[in-house]
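Quick notes on the structure that follows.
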Amino acid sequence: MRRSGKSAICLLILSASVVALLVACAASRPDDAGGSWQAKVYAYLGAKADLPPDIVEIELLVNGPGMALIRKSLWVADLADDEEVSFLVYLTAGQRLIEVNCLTADGFGLYRGSRTVQVSKADLDLTINLEAYGTIEGRITYLDGTPLADYQEIAFETEIETGAEGYYHLEMPLGETIIEVQPELSLASFTRVRLTEPGELTLADLVLIPTADATQPWIAAVAPSRQIVGGQAVGVFGRGFQTGTELTVWFGQPESMIEAEILGVGSDNDLQAVVPADVPATGSVAVCWTGNQDCSNLFPYALVQ
């Protein structure tokens, strides 16, 4: 890495753990008009060969009070394999928001990071952690299949918005995300989703239960999403679960449900069950008080091959 005089240096490392480190030093000088001070920021991101193969464009955005937005982009294909990936910008003093986006061919920000800093005459050491992102998509419906259309939920940790057919789309950093909604005259419905790979797409539907049916058991989620593995344990989340022989879990098609072994009930809203080894590739999960009678809503699943 080159370094000379008081030039600012930024180092970006993308690792298998999907955490990137950006370290910068900034030194200021008067601008050409001899008035306000400017910080020379040189961002060094390694060589083209160091970047993940899915990254086609790297974008640097800087914004703040009293300044015009600075937007700089580099196209990875335009660089030689051993060529440095770098940016050079001059910033006037003040509070500045620095954002880095590593984009795929379809414009998805696979790695993202930002930090607000105060630029002044003094040298500045800066660290920005970049996180890998994935996508969560699904549909929210009532028991009868009616979509939760044109809905916005801001009361819970994850904000969510649906379109005319009840579909939602979230771009989230890797890790666990809890999606929860509670429209008027409905019990809250939630699901836990875990994204583990950069760019991963996970499907997660939610089913809403009218408050009039609150006496019945119902399923809000099958964790970590609606995808299951035959013969393995899976978490089922909802309301009204009870310990004892009256509780039964079923997997499969409505006309030929297969009873599952219950490993345990953690509370009134979660249990662990073993997915039958011979379940069909797609079907539904149901929780019942007794036998195959008075079952909850049928929650869809897809078998992971």
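All figures in this text were calculated on a predicted structure; none of them were measured in a lab. Note that these values count all heavy atoms, side chains included, but never hydrogens, waters or copies made by symmetry.
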> Side-chain heavy atoms under 4.5 angstrom apart, residues restricted to Ile, Leu, Val, Met, Phe, Trp, Tyr: same cluster for Tyr151 and Leu208?
Replying inline: yes
> Below 4.5 Å, heavy atoms only, C-beta onward: do Thr202 and Leu195 meet side chain to side chain?
Replying inline: yes
> What are the two closest heavy atoms between Val236 and Phe241, and how far apart are they?
Replying inline: O-CE1, 3.6 Å
> Any idea which heavy atoms bring Thr116 and Leu97 closest together, and the distance?
Replying inline: OG1-CD1, 3.5 Å
>> Using only atom types and a distance under 3.5 Å, with no angle test, would you say the side chain of Glu200 pairs donor to acceptor with the backbone of Thr196?
In response: yes
> Which value, rounded to the nearest 0.5 Å, describes the distance between Leu303 atom CG and Ile228 atom CD1?
Replying inline: 5.5 Å
> Which heavy-atom pair separates Pro276 from Glu259 by the least distance, and what is that distance?
Replying inline: CG-O, 3.8 Å
> Of the non-hydrogen atoms in Ala204 and Val193, which two are nearest, and what is the gap between them?
Replying inline: CB-CG2, 3.7 Å
> Please, which pairs that meet salt bridge (Lys or Arg N to Asp or Glu O under 4.0 Å) have at least one residue in residues 143-169, sequence neighbours excluded?
Replying inline: Arg139-Glu165
> Can you tell if the side chain of Val274 reaches within under 4.5 Å of the side chain of Leu263, non-hydrogen atoms only?
Replying inline: yes
>> With rounding to the nearest 0.5 angstrom, report the OG1 to OH distance, Thr104 to Tyr133.
In response: 14.0 Å
> Would a hydrophobic clustering, with Ile, Leu, Val, Met, Phe, Trp and Tyr connected at side-chain separations under 4.5 Å, put Leu79 with Leu103?
Replying inline: no
>> Could you measure the distance from the OH atom of Tyr167 to the CG atom of Leu148? Nearest 0.5 Å is fine.
In response: 13.5 Å
>> Are Ile262 and Phe299 connected into the same hydrophobic cluster when the rule is that any two of I, L, V, M, F, W, Y join if their side-chain heavy atoms are below 4.5 Å apart?
In response: yes
>> Please give me the minimum heavy-atom distance between Ser114 and Glu99, naming the atom from each residue.
In response: CB-CG, 3.6 Å
> Can you find a pair of side-chain heavy atoms, one from Val234 and one from Phe251, that are under 4.5 Å apart?
Replying inline: yes
> Donor-acceptor pair, Thr135 side chain versus Leu201 backbone, under 3.5 Å?
Replying inline: no
Validation: residues 170-185 side-chain donor-acceptor distances under 3.5 Å, sequence neighbours left out:
| unit_1 | atom_1 | unit_2 | atom_2 | d |
| --- | --- | --- | --- | --- |
| Glu171 | OE1 | Arg112 | NH1 | 3.4 |
| Glu171 | OE1 | Arg112 | NH2 | 2.7 |

> Would you call Asp205 and Pro300 a side-chain contact if the rule is heavy atoms closer than 4.5 Å?
Replying inline: yes
> Is any side-chain heavy atom of Val222 less than 4.5 Å from a side-chain heavy atom of Tyr301?
Replying inline: no
> Is Leu247 close to Leu271 at the side-chain level, that is, under 4.5 Å between some pair of heavy atoms?
Replying inline: yes
> Roughly how far apart are Phe108 CZ and Ile55 CD1, rounded to 0.5 Å?
Replying inline: 10.0 Å
>> Check for me, please, whether Leu74 and Leu51 land in the same ILVMFWY cluster - side-chain distances under 4.5 Å, paths through other members count.
In response: yes
> Could you state the interatomic distance from CZ (Arg115) to CG (Leu130), rounded to the nearest 0.5 Å?
Replying inline: 12.5 Å
>> Any heavy-atom pair between the side chains of Ile160 and Ile140 that's under 4.5 Å?
In response: yes
Tabulate below the donor-acceptor pairs under 3.5 Å that side-chain atoms of residues 57-72 make, not counting sequence neighbours, or state none.
| unit_1 | atom_1 | unit_2 | atom_2 | d |
| --- | --- | --- | --- | --- |
| Glu57 | OE2 | Ser73 | OG | 3.1 |
| Glu59 | OE1 | Asn101 | ND2 | 3.3 |
| Glu59 | OE2 | Arg71 | NH1 | 2.9 |
| Lys72 | NZ | Leu88 | O | 2.5 |

